[in-house]
Structures are given as structure tokens and as C-alpha cells.
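Quick notes on the structure that follows.
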Amino acid sequence: MSRKFYVTTPIYYVNAPPHMGTAYTTILADTLARTKRMLGYDALLVTGSDEHSQGIADKAAAEGMHPEEFCRRFIPQFHDAWKLLNIGPYKFCRTSSPEHKAVVQSFFQKIHAKGDIYKAEYSGWYHTTDNKFVDEGDLPEKPEEHPNLKFLTEDAYWFKLSAYEEKLMAWHEAHPEAIIPGFRRNEMLQRIREGLRDLCISRSSTNWGIPLPWDTDHVFYVWVDALLSYLTGAQGGYWPCDLHIMAKDIPWFHTVIWPAMLMSAEVELPKQVLVHGYWNFAGSKMSKSKGNVFHPQDAVALVGADAVRYFLLREAPLGQDGNFTVKGLSERYNYDLANDFGNLLHRALTMAGRYVNGEIAEFQLNGPHQELENLRAEVASTAVPQLEKLEFREALENCWRLVSALNRFIDETRPWEHAKNSPEALPPLFSVLFRSIRTLLLLLSPIMPAACDRYWIQLGLNGKASEQQFTALQAGFPLEARLQKPEIVFPKLDLKNLEEEFIVKKESLTGEKVERTEEPNALATAVKTVATAAKAVAKAVTQEEGNGQIEYDDFNKVRLITVKVVKAEAVEGSDKLIRLTVDDGQRQDRTIVSGIRKHFTPEHMEGRTICIVDNLKPRKIFGILSEGMILAAGDGEVLRLVTPEGELAPGVRVG
């Protein structure tokens, strides 16, 4: 019988669609669940909807509908978002469900019978958005003028939280890993030391909620009701929970109130709570009330689900705040995924198909390849524990050590030269290369499941990468596998025209027309920043205002390299353009479109070594993405290519 592992997200408010903050929490939980499954666990992920808040009741009333109907309208948006982000499988608990109602009433009936609940009047300011009573010290100067504060006086039932102060301290001191990161633990312990007050657990001024079994004139306070979703979701033998994941605004409920209630009901406590930071948008906290949220479907439309998952897990240290910008997302996608990772797979598959007919020989380690195999083994042995300990950023940095090493391996071993001079060296070279690539797909599949599955198929491997076990890391590349023709999984973004590219992709994803507008919005503002930055760089490289000169450092921004023209062909429909396929030392399929056909025929260009601007932003010319600019000089009538004196290998820096 397999070991069980149980992880939860918070039970989310359903008063608006999910944003990147809720997506981050859910991606953390899903990545850990996938990791555990690859380690052989029967992993359960529980998320859900927190529906019994006063804010939802008020909004529903304003629209003339029942609160449950109001919630039902938003819930599909959460399922759609999680499907879009490759979250799953998961169990979704609704606090309005009959199943949850039975769990809540049974749980509190035990606590009531024990004598830990009593009745008393409550007066105070209630925040309808945060769904909590506000302490006097946290009130604004004129609370009566605050749109989300209501003063309530009502009979209520109370839980004897103060009676569990010493027990909670003793438990946390005996379980130092129960709250991570450690600085969050220190915050909670300090608050316990300051003293606990009893907790109001019921409302009598509303009927939207779960009735108390011993007094149906009262309903349970939204927060204590929501916490019990973790027990509702655990049915099937998964309790105790292994890990609760949440943002830094709610650990008090999960590390003090929740364990105290469980102690009272004599239920085993959860093993660990992870508290992560907020995701800010361009410097300020994402908030539905502020209207500065960025939705998962917009990010997925731009770069795809796997890249969104990669960015969120790579960008922010666990427990700290992260800063989300479209520029940061787009650049991380282009540089890490399209260039480093995607280009590695495309080069390797292309060359193996060309030079060894897509067949990988039995793994044979020789001296020159030992260093790469040692690194592969080291990364495999260290990345898995990092994934299991939620050190996703560190695991990705670890994997990218191998990505960088594999790109260098191709550059240094130069398979294209072996194909001409020593073809017998190719089988062992490709066997060590694809053993490492297979390792990368296994390690990255909890984070980028769909992309790794697509590459897994291109490697001719059976099944899916995301359905393998980490024990497969020890196996060699299957001899029966036949490499397939490479397909681009991470196409490059046109950073200069990012807003239009986003609109086109979103239209393709949703099937709906996106209105082009000059009105500001989160994405438009961000992509305009990208465009402005690109123009500033171009201006700095072109000239310094005033004298037409540039600084030495400005010139250093321009990277000039040698390339060898592998193929040249006239662009159909144009009498000026030639499409060049060049070898730049890293790729043999780089495309450059140039208007030189008046002076050079395609046949004249093939086989030549020329110089290009390597780091010019790609742009579409006549519908073809051109990835650089060739260097030439002329007076309009005569044009000369800038070429190195003597033969130089592709990729040599010029200047």
C-alpha cells in the first residue's frame, strides 16, 4: 500500500476570479503533490471555495440573488484557471456543500460537549471584506466612515482559545519545523506569548452560514467554518495534513486557532504550515479591491502555462515577496526557456536526427564525457531533495547548471565536425547528451509538466515524463527509443511588439476577439514599459545626444560574431530579400533575412563565413522572424560583405 501525502491551499474567497497570487499558492501545492507522486506517494491536493462571508452575502443581496447562487457563478472560473495552469488532480471543497456542513457540525458538537464553548454578547467593528472583527488598535480614525466596516452587537458563542495558550507553546516548541520559514514561526510564537483571548465563533445577525447544531439561531463564523474544509477534504484516510500552504496574511488562523480547536476536539494536528510572501504587481501588492490584479489566463495567453509556473517558482525565494511584471515574465521566458532550454533540445534533436539517424547507442562513458556525467548524477541526486523540501527556486537553479553545461558540451564537442572527420565519436557523444536531457525532463516535470511531456514524446520515450517515478533517473536512455523531428515548444516572444503578440495569442487561446484600445490596463502599461526600455537601449547604442558619438560601454552592448551560411534561398514574393540559415556556433538553424539579393545570389552566399550583429532583437521581415543582421558596406551600387580574414569558426566574437 502506497504512502499517503496530503497538501492544501487556503479555501479561497469566491467574490472575484483568481489572480496571480492565488495561482502561486496553488502552483506551489501542485508542484509538491507532483513531486511526491514521482517519489511513490499517493498524494492528495485539496483546494476549495470559502463562501460564508458577510461580504459575499452583501454582494449577493445587492444583485438580488441568493449567496450560494452568487458563489456558483465564480467557482467555474477557479476550475478553468487551474485547468489552464495544469493543476491536478485535486479535490475541490465547497463550504456550502452538505458534506462540509456535516463535518463542521460534528466537529463543534464534540468541542461543545467538552465544555470549551460558551455564550456571551459581542460588540465590535466587523470588516466585511476581510471577514473578521477588527481589534481596537487596528481601527482607522473614523471607522464609521469606512465602507467595509460595520459595528455589530449580538449574542455569540465563544471558543476558549485562552485555555490552550500553554499547550500551543509546548507543541510548537516540540515541533520547530511546524511553521516555515523560521521567521514566520518566531512571529507566531511571539503573538502567543503576548497572551490569547477567547475566540468568537458564531454570528446571529445573518443566516448565511452553517447553523450551530445546538442553537440554530446562530451560524458559524466564516473563518472557523473554512478551516474545517481541510478535514472535509481528508476523508479517505489522508489526515493528518502534511502541509498547509498560504500567504502571510493568514498564518494566525492556521498556526494558533486551528491547532487549538483540533486539540480541543482531540484530533491530530497538521504536520507543517508553509507561509509565503505576496506577489506584487510592478511594486505594489496585488489586490482585488485595488484593481491591480493580473489574472492567470492573461499570463498563460502570453507565455503558456509551463512558463508561468516556471517564472513564479524561479523568481521569488520561498517565503519572501515576489514582484510580477510582464517584462520580467517575458524576458525570463525568452532567455531561460526559449533560448537556453528550448534551443538545447532543438539543437540536440536536430543533430542526432542528422548524424545518427535518431538512434541513441548504449551508454558508453569515456574520459572526455566523464565530467558531464558526474554533473548529471550530482544534479539528479540534489534536485530531488530540493523539490521535496519546497526549494523550487534552488532546484531550478541546480537544473540550469546542467542546461548550461549541455549547451557548452555541444559547443565544445562540435558534433558537426565529428560527422565529417570522426563519425565513430558520435554514438557515445549523443548517448551521454541524451541521458542528461532525459534526466532534465524528469526533474523539471513537476514544475513544467506539459512541456516536459511534449519533449518526452520528441525523444521517442514511452508514456509521459509527468507520470514517471524518480527511480527512472538511474536508468539509461532506452535503446529502442527513436528520436522524433524536433518541434518548438517555447517559441520566442517579440519583446518589441509584446502587446500585439499578447492580443493575438489571447485571441487564439479564447477564440474571442480582443478589443484594441488606448485605455490603460495592467498588461498595456507593462508592455509599454518594455517598448520604452527597448527604444532607450536602441537610442543609447545608436548615438549620444548632442554630438553623435557613443561611449565605449555603449559600443560594448553590440555583440558582433562570425556565422557560417548553411543555406540561402530567395524569399518568395520579394525581389530584394534572401533568407539565410546560419550556424552561429550554438545553433545550425538560425534565420536571418537580409535585403542583399540585388548584389548576391543565394548560391553565392552558401558556405560563406560572414559577420552579424548577434544580440539585435528579433523582428519579422516579410512574415519571417529574422534573428540578427549581417554586416555589409557599400555606396548603393556596390556592396561588400564584412568577412573575417582567413577561416574562423562560427560564433567567434568580433571586435
Side-chain angles (χ1 to χ4, degrees), residues 7-34 44-51 53 55-56 59-60 63 65 67-97 100 226 229 233 245-247 279 281 286-289 291-313 324 326 329 333 446-451 453-454 466 502-515 521-523:
V7 59
T8 72
T9 75
I11 308 303
Y12 299 121
Y13 292 135
V14 286
N15 56 354
H19 58 63
M20 292 307 299
T22 51
Y24 175 61
T25 309
T26 312
I27 289 168
L28 282 172
D30 181 70
T31 302
L32 182 61
R34 288 176 178 274
L44 172 67
L45 165 58
V46 166
T47 185
S49 55
D50 186 358
E51 303 177 26
S53 73
I56 285 177
K59 286 187 176 182
E63 296 191 29
M65 58 198 320
E68 198 279 333
E69 182 185 0
F70 180 88
C71 294
R72 197 185 314 129
R73 184 175 65 183
F74 282 105
I75 287 171
Q77 297 183 48
F78 282 79
H79 287 297
D80 291 345
W82 303 157
K83 182 179 180 181
L84 201 60
L85 288 165
N86 295 326
I87 306 294
Y90 61 87
K91 184 175 182 179
F92 194 91
C93 293
R94 294 188 59 180
T95 58
S96 62
S97 70
H100 180 65
S229 293
I245 301 179
M246 71 210 60
W279 273 93
F281 184 82
M286 284 192 202
S287 166
K288 296 173 186 176
S289 59
N292 69 335
V293 300
F294 195 84
H295 296 292
Q297 52 268 45
D298 290 334
V300 171
L302 186 63
V303 298
D306 291 289
V308 174
R309 294 170 65 108
Y310 174 86
F311 174 82
L312 293 177
L313 297 181
F324 182 93
V326 176
L329 172 67
Y333 169 87
I447 294 168
M448 301 190 294
D453 285 347
R454 288 181 64 185
S466 59
F502 162 75
I503 291 173
V504 170
K505 287 188 174 185
K506 187 162 187 181
E507 287 175 341
S508 175
L509 181 71
T510 64
E512 299 176 359
K513 185 73 173 174
V514 176
E515 193 70 28
N521 58 66
L523 181 73

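Sequence positions, counted from 1, serve as the residue numbers for this chain.
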Sub-4.5 Å side-chain heavy-atom contact between [X] and [Y]:
| X | Y | value |
| --- | --- | --- |
| P296 | V308 | no |
| T26 | L85 | no |
| T8 | L44 | no |
| L45 | I87 | yes |
| C93 | H100 | no |
| Y333 | L302 | no |
| I56 | C71 | yes |
| F324 | L329 | yes |

Is the backbone N or O of [Y] less than 3.5 Å from a side-chain atom of [X], with the two atoms forming a donor-acceptor pair by type?
| X | Y | result |
| --- | --- | --- |
| D306 | A451 | yes |
| R34 | P449 | no |
| D453 | S466 | yes |
| H19 | G21 | yes |

- Please lay out, stage by stage, how V303 and Y310 fare under the test side chain to side chain contact (heavy atoms under 4.5 Å, CB included). CA-CA 11 Å; V303 298; Y310 174 86; over 6 Å; no
Rounded to the nearest 0.5 Å, what separates atom [atom1] in [X] from atom [atom2] in [Y]?
| X | Y | atom1 | atom2 | result |
| --- | --- | --- | --- | --- |
| D30 | I245 | CG | CD1 | 10.0 Å |
| I447 | L312 | CD1 | CG | 11.5 Å |
| E51 | T95 | CD | OG1 | 4.5 Å |

Ring geometry between F92 and F78 (parallel below 30°, tilted from 30 to 60°, perpendicular above 60°):
tilted
Quick note, side-chain hydrogen bond (donor to acceptor under 3.5 Å, both in side chains) partners involving residues 68-82, not counting sequence neighbours, are E63-R73, E68-R72, E68-R94, H79-Y90
